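See below for the structure under consideration.
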Amino acid sequence: MMGGRREGPLMRNASQSAVKSRILMAIATGISLGCVLAFLYPHGFFSSSAPTFHSRRTQVPSTKCESSEKLNELKTEYAAASIRNAELRQQVKKLTEKLRLSEQEKDHAQKQVEALGEQHKAGSFGTVKGLITNPTVIPDESVNPRLAKFLENVAVQRELIVALANWNVKDSLEIWFTSIKRVGIHNYLVVALDDKIAEFCESNDVPVYKRDPDEGIDSIGRAGTNHAVSGLKFRILREFLQLGYNVLLSDVDIVYLQNPFNYLYRDSDVESMTDGHNNMTAYGFDDVFDEPTMGWARYAHTIRLWVYNSGFFYIRPTIPSIELLDRVASRLAREPKSWDQAVFNEELFFPSHPGYEGLHAARRTMDFYLFMNSKVLFKTVRKDARLSKFKPVIIHVNYHPNKLERMKAIVEYYGNGNQDALKAFPDGSDW
(Lines give C-alpha, C1' and ligand atoms only; values in the text may rest on other atoms or scores of the structure.)
Protein backbone atom coordinates (compact mmCIF):
# COMPACT_ATOMS: atom_id res chain seq x y z
CA MET A 1 0.00 0.00 0.00
CA MET A 2 1.54 3.15 -1.06
CA GLY A 3 1.90 5.85 1.56
CA GLY A 4 0.83 9.48 0.95
CA ARG A 5 -0.49 12.64 2.45
CA ARG A 6 -4.25 12.72 2.72
CA GLU A 7 -6.21 15.98 3.18
CA GLY A 8 -9.04 16.18 5.57
CA PRO A 9 -12.30 18.07 5.08
CA LEU A 10 -10.97 21.16 6.82
CA MET A 11 -7.88 21.42 4.62
CA ARG A 12 -9.92 20.95 1.50
CA ASN A 13 -12.35 23.72 2.54
CA ALA A 14 -9.48 26.16 3.23
CA SER A 15 -7.88 25.38 -0.14
CA GLN A 16 -11.14 25.88 -1.98
CA SER A 17 -11.75 29.18 -0.16
CA ALA A 18 -8.30 30.44 -1.19
CA VAL A 19 -8.96 29.56 -4.82
CA LYS A 20 -12.32 31.28 -4.72
CA SER A 21 -10.71 34.34 -3.19
CA ARG A 22 -8.07 34.49 -5.92
CA ILE A 23 -10.75 34.09 -8.59
CA LEU A 24 -12.84 36.87 -7.08
CA MET A 25 -9.78 39.10 -6.86
CA ALA A 26 -8.96 38.39 -10.50
CA ILE A 27 -12.51 39.15 -11.55
CA ALA A 28 -12.54 42.36 -9.51
CA THR A 29 -9.19 43.36 -10.99
CA GLY A 30 -10.44 42.62 -14.52
CA ILE A 31 -13.60 44.61 -13.98
CA SER A 32 -11.63 47.52 -12.56
CA LEU A 33 -9.13 47.42 -15.43
CA GLY A 34 -12.02 47.19 -17.88
CA CYS A 35 -13.66 50.26 -16.38
CA VAL A 36 -10.39 52.19 -16.57
CA LEU A 37 -9.85 51.17 -20.23
CA ALA A 38 -13.45 51.93 -21.08
CA PHE A 39 -12.96 55.36 -19.63
CA LEU A 40 -9.67 55.96 -21.43
CA TYR A 41 -10.76 54.38 -24.74
CA PRO A 42 -14.49 54.99 -25.03
CA HIS A 43 -14.43 54.11 -28.75
CA GLY A 44 -12.31 50.99 -28.41
CA PHE A 45 -8.62 50.16 -28.88
CA PHE A 46 -8.76 50.17 -32.70
CA SER A 47 -10.80 53.32 -33.21
CA SER A 48 -9.24 56.04 -35.41
CA SER A 49 -10.24 58.61 -32.79
CA ALA A 50 -7.52 59.64 -30.40
CA PRO A 51 -8.06 58.56 -26.75
CA THR A 52 -9.20 61.16 -24.27
CA PHE A 53 -6.86 61.72 -21.37
CA HIS A 54 -7.37 63.76 -18.29
CA SER A 55 -3.70 64.32 -17.68
CA ARG A 56 -2.79 66.98 -20.25
CA ARG A 57 0.73 67.28 -18.84
CA THR A 58 1.73 63.71 -19.64
CA GLN A 59 -0.40 62.81 -22.72
CA VAL A 60 -0.69 65.86 -25.05
CA PRO A 61 2.81 65.62 -26.59
CA SER A 62 2.18 61.99 -27.48
CA THR A 63 -1.18 62.88 -29.06
CA LYS A 64 0.38 65.65 -31.19
CA CYS A 65 3.05 63.28 -32.42
CA GLU A 66 0.53 60.61 -33.28
CA SER A 67 -1.73 63.15 -35.02
CA SER A 68 1.18 64.45 -37.11
CA GLU A 69 2.12 60.93 -38.16
CA LYS A 70 -1.50 60.14 -38.93
CA LEU A 71 -1.82 63.33 -40.99
CA ASN A 72 1.25 62.44 -43.02
CA GLU A 73 -0.13 58.97 -43.62
CA LEU A 74 -3.43 60.43 -44.79
CA LYS A 75 -1.63 62.85 -47.12
CA THR A 76 0.35 59.99 -48.62
CA GLU A 77 -2.78 57.90 -49.04
CA TYR A 78 -4.62 60.87 -50.60
CA ALA A 79 -1.78 61.50 -53.07
CA ALA A 80 -1.73 57.83 -54.05
CA ALA A 81 -5.53 57.81 -54.42
CA SER A 82 -5.42 60.96 -56.57
CA ILE A 83 -2.87 59.37 -58.91
CA ARG A 84 -4.92 56.22 -59.12
CA ASN A 85 -8.08 58.26 -59.74
CA ALA A 86 -6.38 60.13 -62.58
CA GLU A 87 -5.26 56.82 -64.09
CA LEU A 88 -8.79 55.46 -63.85
CA ARG A 89 -10.23 58.61 -65.48
CA GLN A 90 -7.74 58.24 -68.32
CA GLN A 91 -8.71 54.60 -68.76
CA VAL A 92 -12.40 55.53 -68.80
CA LYS A 93 -11.69 58.23 -71.39
CA LYS A 94 -9.81 55.77 -73.61
CA LEU A 95 -12.52 53.14 -73.28
CA THR A 96 -15.20 55.73 -74.05
CA GLU A 97 -13.30 56.84 -77.14
CA LYS A 98 -12.89 53.24 -78.27
CA LEU A 99 -16.61 52.67 -77.80
CA ARG A 100 -17.41 55.84 -79.74
CA LEU A 101 -15.11 54.85 -82.59
CA SER A 102 -16.57 51.36 -82.59
CA GLU A 103 -20.08 52.80 -82.86
CA GLN A 104 -18.87 55.17 -85.57
CA GLU A 105 -17.36 52.30 -87.55
CA LYS A 106 -20.61 50.42 -87.18
CA ASP A 107 -22.53 53.48 -88.37
CA HIS A 108 -20.14 53.93 -91.31
CA ALA A 109 -20.57 50.31 -92.34
CA GLN A 110 -24.34 50.62 -92.07
CA LYS A 111 -24.41 53.74 -94.23
CA GLN A 112 -22.10 52.18 -96.80
CA VAL A 113 -24.33 49.12 -97.02
CA GLU A 114 -27.38 51.36 -97.42
CA ALA A 115 -25.58 53.43 -100.05
CA LEU A 116 -24.77 50.28 -102.00
CA GLY A 117 -28.42 49.25 -101.85
CA GLU A 118 -27.65 45.75 -100.63
CA GLN A 119 -30.24 45.72 -97.86
CA HIS A 120 -33.38 46.90 -99.62
CA LYS A 121 -35.45 46.10 -102.62
CA ALA A 122 -36.56 49.01 -104.74
CA GLY A 123 -39.83 50.51 -103.56
CA SER A 124 -42.82 51.49 -105.63
CA PHE A 125 -42.69 54.22 -108.26
CA GLY A 126 -41.86 57.63 -106.84
CA THR A 127 -40.73 56.33 -103.44
CA VAL A 128 -37.06 55.57 -104.18
CA LYS A 129 -34.45 58.06 -103.03
CA GLY A 130 -30.70 57.55 -103.14
CA LEU A 131 -28.39 58.51 -100.30
CA ILE A 132 -25.85 61.26 -100.93
CA THR A 133 -24.40 61.65 -97.45
CA ASN A 134 -21.08 59.82 -97.21
CA PRO A 135 -19.86 58.66 -93.78
CA THR A 136 -17.17 60.71 -92.10
CA VAL A 137 -13.65 59.40 -91.51
CA ILE A 138 -12.41 58.23 -88.13
CA PRO A 139 -10.48 61.13 -86.55
CA ASP A 140 -6.71 60.59 -86.47
CA GLU A 141 -5.11 62.89 -83.90
CA SER A 142 -1.64 61.53 -84.66
CA VAL A 143 -1.70 63.60 -87.86
CA ASN A 144 -1.21 66.81 -85.87
CA PRO A 145 -1.62 66.51 -82.08
CA ARG A 146 -1.02 70.23 -81.52
CA LEU A 147 -3.73 71.24 -83.98
CA ALA A 148 -6.06 68.60 -82.55
CA LYS A 149 -5.67 70.08 -79.07
CA PHE A 150 -6.15 73.60 -80.43
CA LEU A 151 -9.35 72.75 -82.29
CA GLU A 152 -10.92 71.22 -79.18
CA ASN A 153 -11.12 74.73 -77.74
CA VAL A 154 -12.31 76.48 -80.92
CA ALA A 155 -14.75 74.24 -82.79
CA VAL A 156 -18.42 73.95 -81.89
CA GLN A 157 -19.95 70.55 -82.60
CA ARG A 158 -16.80 69.77 -84.62
CA GLU A 159 -17.43 72.69 -87.00
CA LEU A 160 -15.53 75.92 -87.55
CA ILE A 161 -14.80 78.68 -90.05
CA VAL A 162 -11.21 78.66 -91.30
CA ALA A 163 -9.41 81.42 -93.20
CA LEU A 164 -5.82 81.67 -94.40
CA ALA A 165 -4.15 85.06 -94.17
CA ASN A 166 -0.83 86.84 -94.50
CA TRP A 167 0.10 90.47 -93.87
CA ASN A 168 -0.93 91.49 -97.40
CA VAL A 169 -4.63 91.11 -96.51
CA LYS A 170 -4.46 92.62 -93.04
CA ASP A 171 -7.08 95.36 -93.69
CA SER A 172 -9.60 92.99 -95.26
CA LEU A 173 -8.98 90.48 -92.49
CA GLU A 174 -9.83 93.08 -89.87
CA ILE A 175 -13.23 93.77 -91.48
CA TRP A 176 -13.71 89.99 -91.83
CA PHE A 177 -13.21 89.10 -88.16
CA THR A 178 -14.96 92.25 -86.93
CA SER A 179 -18.10 91.22 -88.83
CA ILE A 180 -17.82 87.69 -87.41
CA LYS A 181 -17.59 89.02 -83.87
CA ARG A 182 -20.52 91.36 -84.48
CA VAL A 183 -22.71 88.43 -85.51
CA GLY A 184 -21.66 86.48 -82.42
CA ILE A 185 -19.81 83.60 -84.07
CA HIS A 186 -17.21 81.97 -81.82
CA ASN A 187 -16.04 78.95 -83.81
CA TYR A 188 -13.69 80.56 -86.28
CA LEU A 189 -9.94 80.43 -86.83
CA VAL A 190 -7.24 82.23 -88.80
CA VAL A 191 -4.37 80.15 -90.10
CA ALA A 192 -1.53 82.68 -90.03
CA LEU A 193 0.92 82.43 -92.90
CA ASP A 194 3.43 84.83 -91.35
CA ASP A 195 4.40 86.04 -87.89
CA LYS A 196 3.08 89.58 -88.31
CA ILE A 197 -0.46 88.45 -89.05
CA ALA A 198 -0.28 86.01 -86.13
CA GLU A 199 0.67 88.86 -83.78
CA PHE A 200 -2.06 91.04 -85.27
CA CYS A 201 -4.70 88.40 -84.60
CA GLU A 202 -3.49 87.79 -81.06
CA SER A 203 -3.59 91.53 -80.31
CA ASN A 204 -7.24 91.59 -81.47
CA ASP A 205 -8.29 88.50 -79.52
CA VAL A 206 -8.79 86.47 -82.70
CA PRO A 207 -8.20 82.68 -82.58
CA VAL A 208 -5.06 82.11 -84.64
CA TYR A 209 -3.04 79.03 -85.48
CA LYS A 210 0.56 79.18 -86.68
CA ARG A 211 1.62 76.06 -88.51
CA ASP A 212 4.87 74.24 -87.93
CA PRO A 213 7.62 75.42 -90.32
CA ASP A 214 7.26 74.15 -93.89
CA GLU A 215 9.34 76.03 -96.42
CA GLY A 216 7.19 74.89 -99.34
CA ILE A 217 4.14 76.52 -97.77
CA ASP A 218 5.84 79.30 -95.82
CA SER A 219 7.57 80.83 -98.85
CA ILE A 220 4.24 81.18 -100.66
CA GLY A 221 2.50 82.34 -97.51
CA ARG A 222 4.98 85.15 -96.97
CA ALA A 223 5.22 86.56 -100.49
CA GLY A 224 2.81 84.71 -102.76
CA THR A 225 0.09 86.27 -104.91
CA ASN A 226 -3.56 86.02 -103.89
CA HIS A 227 -4.08 83.07 -106.21
CA ALA A 228 -0.95 81.32 -104.93
CA VAL A 229 -2.01 81.80 -101.31
CA SER A 230 -5.52 80.65 -102.15
CA GLY A 231 -4.11 77.43 -103.55
CA LEU A 232 -2.46 76.61 -100.22
CA LYS A 233 -5.79 75.96 -98.53
CA PHE A 234 -6.21 72.61 -100.26
CA ARG A 235 -3.03 71.35 -98.63
CA ILE A 236 -3.65 72.90 -95.23
CA LEU A 237 -7.31 71.85 -94.92
CA ARG A 238 -6.43 68.18 -95.26
CA GLU A 239 -5.24 67.99 -91.64
CA PHE A 240 -8.50 69.51 -90.39
CA LEU A 241 -10.49 66.85 -92.21
CA GLN A 242 -8.23 64.04 -91.04
CA LEU A 243 -8.85 65.21 -87.49
CA GLY A 244 -12.58 64.81 -88.13
CA TYR A 245 -13.66 68.46 -88.35
CA ASN A 246 -16.19 70.03 -90.70
CA VAL A 247 -14.68 73.18 -92.17
CA LEU A 248 -16.37 76.25 -93.60
CA LEU A 249 -13.51 77.59 -95.69
CA SER A 250 -13.64 81.35 -96.06
CA ASP A 251 -11.68 83.95 -97.98
CA VAL A 252 -11.14 87.19 -96.06
CA ASP A 253 -12.94 89.44 -98.60
CA ILE A 254 -16.23 88.36 -97.03
CA VAL A 255 -18.59 90.25 -94.72
CA TYR A 256 -20.66 88.15 -92.29
CA LEU A 257 -24.19 89.36 -91.57
CA GLN A 258 -25.68 86.20 -90.04
CA ASN A 259 -24.36 82.94 -88.65
CA PRO A 260 -23.81 80.65 -91.68
CA PHE A 261 -24.00 77.47 -89.60
CA ASN A 262 -27.73 78.09 -89.21
CA TYR A 263 -28.24 77.80 -92.97
CA LEU A 264 -26.25 74.71 -93.96
CA TYR A 265 -27.76 71.39 -95.07
CA ARG A 266 -24.73 69.19 -94.25
CA ASP A 267 -25.94 66.42 -96.55
CA SER A 268 -23.10 66.54 -99.10
CA ASP A 269 -19.34 66.25 -99.18
CA VAL A 270 -19.05 69.81 -100.47
CA GLU A 271 -21.58 72.60 -100.04
CA SER A 272 -20.42 75.67 -101.91
CA MET A 273 -21.49 79.18 -102.84
CA THR A 274 -21.83 79.87 -106.54
CA ASP A 275 -20.51 82.53 -108.89
CA GLY A 276 -23.93 82.43 -110.58
CA HIS A 277 -26.17 85.49 -110.38
CA ASN A 278 -29.65 84.05 -111.02
CA ASN A 279 -31.49 80.73 -110.88
CA MET A 280 -30.21 79.56 -114.25
CA THR A 281 -26.55 80.40 -113.80
CA ALA A 282 -26.46 79.33 -110.16
CA TYR A 283 -28.32 76.03 -110.40
CA GLY A 284 -27.88 75.00 -114.03
CA PHE A 285 -29.82 75.18 -117.29
CA ASP A 286 -30.19 73.63 -120.71
CA ASP A 287 -27.93 75.66 -122.99
CA VAL A 288 -28.64 75.02 -126.67
CA PHE A 289 -25.68 75.15 -129.03
CA ASP A 290 -26.57 76.13 -132.58
CA GLU A 291 -24.56 74.73 -135.51
CA PRO A 292 -26.41 75.62 -138.76
CA THR A 293 -24.21 73.49 -141.01
CA MET A 294 -25.67 70.38 -139.35
CA GLY A 295 -29.07 71.07 -140.91
CA TRP A 296 -31.79 69.09 -139.15
CA ALA A 297 -29.44 68.39 -136.19
CA ARG A 298 -28.20 71.95 -135.88
CA TYR A 299 -29.33 72.29 -132.24
CA ALA A 300 -27.27 70.47 -129.61
CA HIS A 301 -28.41 70.60 -126.01
CA THR A 302 -25.82 71.12 -123.30
CA ILE A 303 -25.95 71.47 -119.54
CA ARG A 304 -24.38 74.66 -118.27
CA LEU A 305 -23.57 75.68 -114.72
CA TRP A 306 -21.60 78.62 -113.37
CA VAL A 307 -18.71 77.53 -111.23
CA TYR A 308 -18.55 77.03 -107.50
CA ASN A 309 -16.57 79.64 -105.64
CA SER A 310 -13.51 78.09 -104.04
CA GLY A 311 -13.32 80.97 -101.58
CA PHE A 312 -16.36 79.91 -99.59
CA PHE A 313 -17.44 76.29 -99.18
CA TYR A 314 -18.38 73.86 -96.44
CA ILE A 315 -16.53 70.57 -96.61
CA ARG A 316 -17.23 67.48 -94.53
CA PRO A 317 -14.50 65.06 -93.35
CA THR A 318 -15.24 62.26 -95.80
CA ILE A 319 -13.08 60.17 -98.11
CA PRO A 320 -14.34 61.93 -101.28
CA SER A 321 -13.68 65.33 -99.66
CA ILE A 322 -10.10 64.43 -98.78
CA GLU A 323 -9.62 62.96 -102.25
CA LEU A 324 -10.83 66.26 -103.71
CA LEU A 325 -8.24 68.21 -101.70
CA ASP A 326 -5.52 65.80 -102.77
CA ARG A 327 -6.51 66.03 -106.43
CA VAL A 328 -6.57 69.83 -106.46
CA ALA A 329 -3.31 70.18 -104.50
CA SER A 330 -1.55 67.70 -106.79
CA ARG A 331 -2.69 69.45 -109.95
CA LEU A 332 -1.73 72.87 -108.66
CA ALA A 333 1.74 71.51 -107.86
CA ARG A 334 2.07 70.06 -111.38
CA GLU A 335 0.44 73.04 -113.09
CA PRO A 336 1.68 76.16 -111.24
CA LYS A 337 -0.06 78.53 -113.67
CA SER A 338 -3.47 76.96 -113.07
CA TRP A 339 -6.19 78.85 -111.20
CA ASP A 340 -7.22 76.98 -108.08
CA GLN A 341 -10.93 77.73 -108.58
CA ALA A 342 -10.92 76.29 -112.09
CA VAL A 343 -9.13 73.13 -110.94
CA PHE A 344 -11.49 72.84 -107.94
CA ASN A 345 -14.53 72.82 -110.23
CA GLU A 346 -13.03 70.51 -112.83
CA GLU A 347 -12.25 67.91 -110.20
CA LEU A 348 -15.72 68.25 -108.69
CA PHE A 349 -17.73 68.06 -111.92
CA PHE A 350 -15.82 66.26 -114.67
CA PRO A 351 -17.29 62.76 -115.08
CA SER A 352 -15.33 59.57 -115.49
CA HIS A 353 -14.36 58.85 -119.09
CA PRO A 354 -11.68 56.87 -120.93
CA GLY A 355 -8.36 57.66 -119.31
CA TYR A 356 -9.88 59.56 -116.41
CA GLU A 357 -11.56 58.49 -113.20
CA GLY A 358 -13.93 61.16 -111.92
CA LEU A 359 -14.44 62.07 -108.28
CA HIS A 360 -17.43 60.40 -106.66
CA ALA A 361 -18.38 63.27 -104.37
CA ALA A 362 -21.79 64.61 -103.42
CA ARG A 363 -22.18 68.38 -103.82
CA ARG A 364 -24.76 71.05 -103.08
CA THR A 365 -25.08 74.62 -104.35
CA MET A 366 -25.82 77.21 -101.68
CA ASP A 367 -28.71 79.66 -102.03
CA PHE A 368 -27.18 82.54 -103.98
CA TYR A 369 -29.35 85.13 -102.19
CA LEU A 370 -28.23 83.89 -98.76
CA PHE A 371 -24.61 83.29 -99.67
CA MET A 372 -24.29 86.22 -102.03
CA ASN A 373 -21.51 87.20 -104.39
CA SER A 374 -20.84 90.87 -105.11
CA LYS A 375 -22.21 90.67 -108.66
CA VAL A 376 -25.63 89.75 -107.30
CA LEU A 377 -25.44 92.58 -104.77
CA PHE A 378 -24.28 95.43 -106.98
CA LYS A 379 -26.00 94.46 -110.23
CA THR A 380 -29.35 93.29 -108.88
CA VAL A 381 -30.10 93.44 -105.17
CA ARG A 382 -29.26 97.06 -104.36
CA LYS A 383 -31.52 98.24 -107.21
CA ASP A 384 -34.52 96.14 -106.19
CA ALA A 385 -36.79 97.64 -103.52
CA ARG A 386 -37.83 94.24 -102.21
CA LEU A 387 -34.48 92.46 -102.39
CA SER A 388 -32.59 95.39 -100.90
CA LYS A 389 -34.47 94.88 -97.62
CA PHE A 390 -33.38 91.26 -97.43
CA LYS A 391 -30.33 90.50 -95.25
CA PRO A 392 -27.98 87.84 -96.68
CA VAL A 393 -25.92 85.50 -94.53
CA ILE A 394 -22.62 86.57 -96.07
CA ILE A 395 -21.51 88.75 -98.98
CA HIS A 396 -18.37 87.79 -100.84
CA VAL A 397 -16.68 90.64 -102.69
CA ASN A 398 -15.28 88.31 -105.33
CA TYR A 399 -16.35 90.13 -108.50
CA HIS A 400 -14.67 93.47 -107.75
CA PRO A 401 -11.01 94.44 -107.30
CA ASN A 402 -11.65 97.39 -104.94
CA LYS A 403 -12.53 94.93 -102.21
CA LEU A 404 -11.75 97.02 -99.14
CA GLU A 405 -13.93 99.97 -100.13
CA ARG A 406 -16.88 97.76 -101.04
CA MET A 407 -16.54 95.71 -97.84
CA LYS A 408 -16.71 98.90 -95.78
CA ALA A 409 -19.76 100.04 -97.75
CA ILE A 410 -21.49 96.70 -97.14
CA VAL A 411 -20.89 97.06 -93.40
CA GLU A 412 -22.32 100.58 -93.54
CA TYR A 413 -25.40 99.48 -95.48
CA TYR A 414 -26.34 96.29 -93.63
CA GLY A 415 -24.67 96.91 -90.29
CA ASN A 416 -25.21 100.60 -89.70
CA GLY A 417 -28.33 101.20 -91.79
CA ASN A 418 -26.81 103.73 -94.20
CA GLN A 419 -29.14 103.40 -97.22
CA ASP A 420 -26.79 105.40 -99.46
CA ALA A 421 -23.65 103.41 -98.75
CA LEU A 422 -23.82 101.28 -101.92
CA LYS A 423 -25.00 103.88 -104.40
CA ALA A 424 -21.63 105.35 -105.44
CA PHE A 425 -20.23 102.11 -106.86
CA PRO A 426 -20.58 100.98 -110.48
CA ASP A 427 -22.05 97.56 -111.21
CA GLY A 428 -18.67 96.23 -112.26
CA SER A 429 -15.13 97.54 -112.02
CA ASP A 430 -13.68 100.61 -113.67
CA TRP A 431 -11.41 98.56 -115.90
Side-chain angles (χ1 to χ4, degrees), residues 144-156 159-241 243 245 247-256 260 309-313 315 325 328-329 332 336 339-341 374 394-398 400-408 410-411:
N144 189 333
R146 184 168 71 91
L147 178 60
K149 189 69 176 177
F150 190 89
L151 294 179
E152 287 179 2
N153 299 320
V154 177
V156 175
E159 293 181 322
L160 74 161
I161 300 168
V162 175
L164 277 63
N166 61 13
W167 189 250
N168 295 335
V169 295
K170 176 251 184 186
D171 293 333
S172 295
L173 178 66
E174 186 170 14
I175 297 177
W176 178 86
F177 66 65
T178 301
S179 70
I180 286 178
K181 290 181 178 182
R182 186 170 186 170
V183 172
I185 302 169
H186 301 288
N187 50 330
Y188 69 101
L189 172 68
V190 175
V191 177
L193 299 176
D194 57 46
D195 292 333
K196 290 178 67 177
I197 207 69
E199 294 170 0
F200 176 69
C201 288
E202 289 171 353
S203 66
N204 285 276
D205 196 26
V206 172
V208 61
Y209 174 74
K210 187 73 166 63
R211 302 181 69 261
D212 293 332
D214 183 330
E215 186 56 31
I217 292 177
D218 295 342
S219 59
I220 298 174
R222 287 191 300 266
T225 63
N226 286 343
H227 281 175
V229 171
S230 181
L232 291 177
K233 59 177 168 261
F234 298 99
R235 293 174 59 182
I236 294 174
L237 284 185
R238 193 185 205 278
E239 289 185 342
F240 288 80
L241 268 58
L243 293 172
Y245 287 89
V247 175
L248 183 56
L249 186 281
S250 175
D251 282 352
V252 297
D253 56 344
I254 292 176
V255 176
Y256 286 74
N309 190 288
S310 63
F312 191 86
F313 60 87
I315 186 166
L325 298 181
V328 176
L332 292 176
W339 182 26
D340 67 283
Q341 180 162 294
S374 56
I394 61 103
I395 297 177
H396 189 179
V397 187
N398 61 316
H400 301 88
N402 55 336
K403 297 179 181 295
L404 194 60
E405 293 78 8
R406 294 191 185 237
M407 290 178 73
K408 291 178 179 178
I410 291 168
V411 172

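Since the structure is predicted, the reported quantities are computational estimates derived from the model, not experimental observations. Values below: all heavy atoms of this structure, side chains included; hydrogens, waters and symmetry mates excluded.
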### Task
With sequence neighbours left out, write down each residue that passes side chain to side chain donor-acceptor pair (under 3.5 Å) with Asp171, or none if nothing qualifies.
none
### Pairing residues for Asp251 by the side chain to side chain donor-acceptor pair (under 3.5 Å) criterion, not counting sequence neighbours
none
### Message
The test is salt bridge (Lys or Arg N to Asp or Glu O under 4.0 Å); show your working for Lys210 and Asp195 and say whether it passes.
### Response
CA-CA 8 Å; Lys210 187 73 166 63; Asp195 292 333; 3.7 Å; yes
### Task
Would you check, one step at a time, whether the test side-chain contact (heavy atoms from CB on, under 4.5 Å) holds for Val156 with Leu160?
CA-CA 7 Å; Val156 175; Leu160 74 161; over 6 Å; no
### Task
Answer yes or no: are there more than 12 heavy-atom neighbours, outside Lys170 itself, under 6.0 Å from its atom NZ?
yes
### Message
Are Phe150 and Tyr209, when compared by the centres of their aromatic rings, separated by less than 6.0 Å?
### Response
yes
So, does [X] use its side chain to make a donor-acceptor pair with the main chain of [Y] at under 3.5 Å?
| X | Y | result |
| --- | --- | --- |
| Ser172 | Val169 | no |
| Asp253 | Lys403 | no |
| Ser374 | Val397 | no |
| Asn204 | Val206 | no |
| Gln341 | Ser310 | yes |
| Asn144 | Leu147 | yes |

Any idea which heavy atoms bring [X] and [Y] closest together, and the distance?
| X | Y | answer |
| --- | --- | --- |
| Gly311 | Ile254 | O-CD1, 3.9 Å |
| Ala165 | Ile197 | O-CG2, 3.4 Å |
| Tyr245 | Ala155 | CE2-CB, 3.5 Å |
| Ala329 | Arg235 | CB-CG, 3.7 Å |
| Ile175 | Lys408 | CD1-CG, 3.6 Å |
| Asn402 | Arg406 | OD1-NE, 2.9 Å |

Point-to-point distance, once rounded to the nearest 0.5 Å, from [atom1] of [X] to [atom2] of [Y]:
| X | Y | atom1 | atom2 | answer |
| --- | --- | --- | --- | --- |
| Leu173 | Asn168 | CG | CG | 12.0 Å |
| Glu174 | Ser179 | CD | OG | 11.0 Å |
| Lys149 | Leu243 | NZ | CG | 13.5 Å |
| Ile236 | Lys233 | CD1 | NZ | 10.0 Å |
| Leu164 | Leu249 | CG | CG | 7.0 Å |

For residues [X] and [Y], determine if any side-chain heavy atom of one lies less than 4.5 Å from a side-chain heavy atom of the other.
| X | Y | value |
| --- | --- | --- |
| Phe240 | Ile315 | no |
| His396 | Val255 | no |
| Trp176 | Thr178 | no |
| Val162 | Ser250 | no |

### Task
Kindly indicate, with the supporting measurements, whether the criterion salt bridge (Lys or Arg N to Asp or Glu O under 4.0 Å) is fulfilled by Asp205 and Lys181.
CA-CA 10 Å; Asp205 196 26; Lys181 290 181 178 182; 5.3 Å; no
Side-chain atoms of residues 182-193: list all donor-acceptor pairs with protein atoms under 3.5 Å, sequence neighbours left out, distances to 0.1 Å.
| from | atom 1 | to | atom 2 | distance (Å) |
| --- | --- | --- | --- | --- |
| Arg182 | NH1 | Asn416 | OD1 | 3.4 |
| Arg182 | NH2 | Gly415 | O | 2.7 |
| Arg182 | NH2 | Asn416 | OD1 | 3.1 |
| Asn187 | ND2 | Glu159 | O | 3.0 |

